Every structure is written in C-alpha cells, then in structure tokens.
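Small disclaimer: the values here were computed from a predicted structure and weren't measured. Only this structure's heavy atoms are used, side chains among them; waters, hydrogens and symmetry mates stay out.
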Amino acid sequence: MDYFPLFARLQGTPCLIVGGGAVALRKARQLLRANAAVTVVAPAFDAAVTELAAAGKLRLQQRDFTADCLDSVVFVVAATDDQQVNAAVAAAAAQARVLCNVVDDRERSTAILPAVVDRSPVLIAVSSSGAAPVLATRLRQQLETEIAPRTADLARFMGKWRDAVRRRFGSIDERRRFWQSMLDSDIAAMLLDGDAATAEQIFAERLQAPLPAEQQAGIGLIVGAGPGDPELLTLKAVRALNTADVVLYDRLVNPEVLDYARKDAEFIYVGKQAGKASTPQAEINALLVRLVSQGKRVCRLKGGDPLIFGRGGEELAALVGAGLRWQIIPGITAASGCAAAAGIPLTHRQVARSLTYTTAQTNDGSEPDWQALAGAGQTAVFYMPVSRLESICQALIAAGRAADCPVALIENGSRVNQRTLRATLNDLPQLAQDQQIGSPALLIVGEVAGHEWPHAA
C-alpha cells in the first residue's frame with residue numbers, strides 16, 4: 001500500500017487550509033463535516049469562504065503562508081494554484097512532522113482525502129493513492145447506489161445492543177457468529193426497511209433464546225478456490241472466506257483470493273509440491289479435525305474444485321469420521337477454467353464427444369488406461385503433467401493416438417501470467433522444455449486443442 005488507510009477523529013482538532021479559492025472551499029467543507037477546527041490562510045478569499053467564516057464555522061487569516069502557521073496544527077491542506085506555495089507548505093509540514101495533503105500533487109502529499117460514502121457511523125473511503133481521483137469518485141458513486149440509505153440505522157442499532165450481546169456471549173467467536181446471523185436475518189431487513197420497532201422486539205427475544213446448533217459447533221468448509229482468477233470464485237466461496245475463523249490453504253491458491261477472508265482470521269499454509277518439503281495429507285486431516293473440534297469455522301481452501309484431484313474426499317472422510325459438521329463448496333475446476341481462458345472448447349460437435357479428466361501423478365506408480373485415453377473423438381485432460389510430459393506423450397502415441405494430434409499445455413491458467421503452448425503430441429516435450437513451462441500446468445489432448453479463436457476484446 002502506498003498509503004495506510006486511517007479514520008481519524010478530528011472533532012475540535014486544529015487543521016489548516018492554505019488557499020482561499022474554490023478548491024480550498026471544497027476541502028474546508030470536507031473537514032467541517034468531521035467537526036474539525038479549521039483555519040484558512042490566504043492573501044484573499046472567495047465569497048463562499050468568507051460566508052463560512054462569518055457563520056462562525058471556520059477562522060480566516062488574511063496573510064501569506066509561513067511555517068509558523070503550522071504551530072499546533074495536526075493536518076494541513078495546500079490548496080493554492082501556486083506550485084511554489086504548495087511546495088513550501090509541503091516542505092514546512094515535513095519539517096514539523098504534520099500530515100499534509102497537496103491538492104493534485106501525490107508526490108508531495110503525505111495524506112490524501114478520499115472519496116467518501118457517508119452513512120455515519122458507517123463510512124466507506126475510496127482512494128486511488130492520488131493516481132486517479134476521477135476513478136475514486138466514480139467508484140464512490142457506484143457504492144452510493146449499492147449501500148442502503150438506512151445502513152446508518154442498522155449500525156446504530158448494533159451499537160446500541162453491543163454491550164448486551166457482550167454480556168450474553170462470553171467469547172468473541174460466539175459474538176461474531178451471533179452478529180453474522182443477525183445481519184443475514186429478517187431483523188437486518190426490517191431495519192433497512194425502516195421498521196425499527198419490530199426489529200427491536202424480535203432482536204430482544206432472540207438474544208435470550210438458546211444459540212442455534214450451527215452457531216455453537218465448529219464446521220469444516222471444504223472450498224474450491226477455482227483455477228486462479230479471483231473473479232471466478234463463487235459467491236458461496238466468498239461468503240465462506242468472509243466468515244471463517246481459520247483458513248487452511250495450499251500453494252495452488254492465488255494469494256489474491258485470500259484477500260476475501262477476514263483480516264483477523266488465522267491463515268495456515270498446508271501446501272504440497274512434488275519433490276519438495278510438503279505437509280502430509282494425514283497431517284492436514286488431523287489439523288482440520290482439531291480446529292473444527294475446537295468450535296472454529298474452518299475454511300479448507302483448495303485450488304480448482306476440491307473433489308476433482310483435490311483430495312477433498314479424504315478431508316471429508318476425516319470430518320465425518322470425527323462426527324463433525326461439514327460443507328463442500330465446489331469451485332471451477334482447473335480443466336474448465338484453463339480451457340476457457342485459452343479459448344479451447346473441451347467438447348465440440350463432430351470433434352470430441354467425450355471428455356476424460358486424469359492425473360499424471362499417482363501414489364502407487366500405476367499407469368492410466370492409455371488405450372482408453374488414446375481413443376479418437378475424445379478429449380483427455382491431464383492434471384499436473386509437467387514432470388511426466390515426455391512419458392505421457394510417448395504412451396499416448398504408442399497406444400494409437402496420432403503423433404500430430406493437437407495438444408495445449410496451459411501454465412498458470414486464468415491468471416495474469418498465464419501461458420498457453422500449442423503443439424502436437426510429438427513436439428510438445430521439447431517445446432515445453434525450451435519454453436521452460438513449469439507447474440502448475442494442465443495438458444489438453446485432442447482435436448479441440450487445435451481450435452483457436454482471436455479474443456473478442
């Protein structure tokens with residue numbers, strides 16, 4: 001982050017604006033909304049600035065800026081149309097260790113005034129770190145339409161009942177789950193619709209009722225994170241991350257996906273990679289059971305779909321065997337995600353009438369049914385093929401697949417660094433070596449791999 005987002009209480013706090021024109025007026029109004037003690041320094045002032053002073057809302061100092069203007073000030077805005085004056089304000093602020101916003105000058109600014117969605121006490125601030133103020137404003141406008149006008153009523157209601165909920169539930173986890181269930185309930189809907197009286201009555205009754213079973217016990221959520229692109233997460237997967245106490249994740253999960261989790265959640269890496277130090281599956285199973293047994297809401301986040309070469313079935317068996325609650329949230333498997341990103345149809349009329357998913361890695365050293373995979377009119381998708389690429393291609397050719405059969409090797413499918421290597425069975429191993437294709441990657445074998453269309457956008 002270029003800037004640390006911070007909400008500051010400025011009520012009665014001395015703040016200075018240098019400049020007396022329209023920009024200074026706009027900044028003054030922003031600070032006055034936070035009840036700051038605003039002083040405006042300039043050789044001359046627009047009429048609207050003078051009117052605010054006459055109404056007693058701010059103080060004016062009709063003079064040129066000097067460094068002593070910053071005495072006792074905690075925040076200053078340089079809002080003149082003179083770059084030399086703005087630079088002098090920034091330099092003086094740096095010397096005095098006062099936070100400074102220089103309008104339209106991100107290099108000299110140590111603080112930025114964001115675009116704000118105000119549903120006080122709920123505030124949503126949007127900043128582009130000074131790079132694109134118009135974009136920040138556009139995003140703020142979009143959020144204005146999404147955030148219900150009565151969100152403030154909902155926040156005040158929760159604040160009013162906060163102490164009562166703290167007395168009712170002894171642990172932070174219990175309180176969090178109670179509030180989460182309330183936000184998903186008809187109570188929140190009533191408040192947003194303006195029916196505060198009914199919401200108050202129902203809330204008081206539910207606060208005294210026994211906790212529902214789903215709020216008392218832990219649960220293991222086995223969640224598919226998709227092939228890599230965070231936008232391919234399902235809504236249910238995002239909700240699981242939003243509400244999880246602990247997130248267990250592996251190396252195939254894009255780090256950007258973890259941004260959807262609660263910031264106070266515990267993150268535990270349990271990745272596995274061939275040929276490198278890894279967390280054994282039995283250890284992952286035991287950890288999952290232990291955490292859920294402690295009453296935690298655990299999100300076991302897995303690349304792709306957890307039940308397609310994700311060993312989700314083994315983790316499910318561990319939870320079931322321990323008598324624990326569980327839920328599986330499927331994800332877009334790597335085959336679908338990578339093929340879509342590369343523009344390859346996995347089935348296509350008159351080209352491929354069947355589709356087989358298989359893994360190139362086995363624990364017992366057994367081989368796939370190469371004859372079945374080499375049949376005409378079908379697509380074969382190999383998960384994690386890089387370390388066995390040459391032997392896979394040779395086995396398919398030996399089983400009857402044509403040496404010039406189209407193939408596609410997709411590295412980091414659906415991510416910004418995706419690479420797609422198209423070749424034939426015969427040529428692929430050497431080309432992949434020359435291009436230094438690495439894992440994670442996925443191999444698509446069949447006539448569909450020869451289909452390629454230019455991107456529409």
Kindly compute the distance separating CD1 (Ile444) from CG (Leu442), expressed to the nearest 0.5 Å.
5.5 Å
Could you list the donor-acceptor pairs under 3.5 angstrom formed between side-chain atoms of residues 116-130 and any protein atom two or more places apart in sequence or on another chain?
residue, atom, partner, partner atom, Å
Asp118, OD1, Ser120, N, 2.9
Asp118, OD1, Ser120, OG, 2.5
Asp118, OD2, Arg33, NH2, 2.7
Arg119, NE, Ala148, O, 3.4
Arg119, NH1, Glu144, OE1, 2.9
Arg119, NH2, Glu144, O, 3.1
Arg119, NH2, Glu144, OE1, 3.0
Arg119, NH2, Ile147, O, 3.1
Ser127, OG, Ser129, N, 2.9
Ser128, OG, Ala131, N, 3.4
Ser128, OG, Ala132, N, 2.8
Ser128, OG, Ala132, O, 3.1

Closest non-hydrogen contact found for Ala199 with Phe157 is O-CZ, 4.1 Å
Below 4.5 Å, heavy atoms only, C-beta onward: do Ile222 and Ile329 meet side chain to side chain?
no
Smallest heavy-atom separation, Phe309 atom then Thr359 atom, equals CZ-N, 3.6 Å
Using atom types as modelled and distance alone, determine if a side-chain donor or acceptor of Asn101 lies under 3.5 Å from a backbone N or O of Ala111.
yes
Given the rule in the side chain to side chain contact (heavy atoms under 4.5 Å, CB included) test, do Cys69 and Arg63 qualify, once you have shown the distances and angles that lead to the verdict?
CA-CA 10 Å; Cys69 293; Arg63 53 171 288 194; 3.5 Å; yes
Any Cys100 side-chain heavy atom under 4.5 Å of Val102 side chain:
yes
Roughly how far, to the nearest 0.5 Å, is CD1 of Ile187 from CG of Leu192?
12.0 Å
Which residue pairs satisfy the salt bridge (charged side-chain N to carboxylate O under 4.0 Å, His left out) criterion with at least one member in residues 224-240, sequence neighbours excluded?
Asp184-Arg239
Thr234 and Ile332: side chain to side chain contact (heavy atoms under 4.5 Å, CB included), yes or no, with the steps?
CA-CA 8 Å; Thr234 66; Ile332 295 177; 5.7 Å; no
Beyond-backbone contact of Trp326 with Arg300, side-chain heavy atoms, under 4.5 angstrom:
no
Please name the residue in the list Val257, Leu248, Leu221 that meets the side-chain contact (heavy atoms from CB on, under 4.5 Å) test with Leu301.
Val257
Pro43 and Asp64 have their tightest heavy-atom pair at CG-OD1, 3.2 Å
Report the distance from atom OG1 of Thr145 to atom CZ of Arg140, rounding to the nearest 0.5 Å.
11.0 Å
Taking ring-ring contact (aromatic ring centres under 6.0 Å, His included) as the cut-off, I'd like each qualifying pair that reaches into residues 78-133, sequence neighbours left out, listed once.
none
Can you confirm whether or not the ring centre of Tyr269 sits under 6.0 Å from the ring centre of Tyr249?
yes
Salt bridge or not for Arg311 and Asp250, using N-O below 4.0 Å?
no
Any donor-acceptor N/O pair, Asp46 side chain to Ala48 backbone, under 3.5 Å:
no
Is the shortest heavy-atom distance from the side chain of Met190 to the side chain of Ile202 under 4.5 Å?
yes
Mind checking whether Asp105 and Glu107 have side chains closer than 4.5 Å, heavy atoms only?
yes
If you count every heavy atom of other residues, nucleotides or ligands that lies below 6.0 Å from Glu205 atom CD, does the total exceed 12?
yes
Pairing donors with acceptors under 3.5 angstrom, does anything connect the side chains of Thr243 and Arg297?
yes
Could you give the distance from CG (Leu99) to OG1 (Thr110), rounded to the nearest 0.5 Å?
5.0 Å
Checking the side chain of Arg262 only, and the main-chain atoms of Ala244 only, is there a donor and an acceptor separated by less than 3.5 Å?
yes
Begin with the C-alpha distance, continue with both residues' side-chain angles, and end with the deciding distance and a verdict on side-chain hydrogen bond (donor to acceptor under 3.5 Å, both in side chains) for Ser439 and Arg251.
CA-CA 11 Å; Ser439 183; Arg251 74 179 187 91; 3.3 Å; yes
Between Lys302 and Glu315 (salt bridge meaning N to carboxylate O under 4.0 Å), is one present in this structure?
yes
For the pair Glu174 and Arg177, find out whether any cationic side-chain nitrogen is under 4.0 Å from an anionic carboxylate oxygen.
no
What closest approach, in Å, do Leu252 and Gly303 show between heavy atoms, and which atom pair accounts for it?
CB-CA, 4.1 Å
Walk me through it: do Leu183 and Leu154 pass the test side chain to side chain contact (heavy atoms under 4.5 Å, CB included)?
CA-CA 9 Å; Leu183 288 172; Leu154 177 58; 3.9 Å; yes
Donor-acceptor contacts under 3.5 Å from residues 8-32 side chains, at least two apart:
residue, atom, partner, partner atom, Å
Thr13, OG1, Leu10, O, 3.4

Does the pair Arg150/Asp195 count as a salt bridge with the N-to-O cut at 4.0 Å?
no
Go through Gln418 and Thr420 one step at a time and tell me if the side chain to side chain contact (heavy atoms under 4.5 Å, CB included) criterion holds.
CA-CA 7 Å; Gln418 173 182 313; Thr420 302; 3.2 Å; yes
From Leu191 CG over to Glu200 CD, what is the distance, rounded to the nearest 0.5 angstrom?
8.5 Å
Is Asn242 close to Val238 at the side-chain level, that is, under 4.5 Å between some pair of heavy atoms?
yes
In terms of heavy-atom contacts, Arg206 and Ser185 come closest through NH1-CB, 3.7 Å
Worked verdict on Lys160 versus Asp153 for salt bridge (Lys or Arg N to Asp or Glu O under 4.0 Å)
CA-CA 10 Å; Lys160 173 185 175 181; Asp153 295 340; over 6 Å; no
Say whether, by atom type as modelled, one donor and one acceptor occur between the side chain of Arg168 and the main chain of Leu207 under 3.5 angstrom.
yes
Going by the side chain to side chain donor-acceptor pair (under 3.5 Å) test, which pairs reach into residues 51-62, not counting sequence neighbours?
Thr39-Arg59
Taking the side chain as every heavy atom from C-beta outward, state whether Ile268 and Val247 have any pair of such atoms under 4.5 Å apart.
no
Could you point out which residue of Phe169, Phe203, Trp161 forms a ring-ring contact (aromatic ring centres under 6.0 Å, His included) with Trp179?
Phe203
Could you check whether any side-chain heavy atom of Arg162 comes within less than 4.5 Å of a side-chain heavy atom of Arg175, counting everything from C-beta outward?
no
If you look at every heavy atom in Val49 and Phe45, which pair is closest and at what distance?
CG1-CD2, 4.1 Å
Suppose the criterion is salt bridge (charged side-chain N to carboxylate O under 4.0 Å, His left out): which pairs have a residue in residues 80-104, not counting sequence neighbours?
none
Answer with yes or no whether the side chains of Tyr383 and Thr333 bring together a donor and an acceptor at under 3.5 Å.
yes
Taking atom CZ as the centre, does Arg166 end up with more than 12 heavy-atom neighbours from other residues, nucleotides or ligands that are less than 6.0 angstrom away?
yes
What's the spacing between Glu266 CD and Leu291 CG if we round to 0.5 Å?
6.5 Å
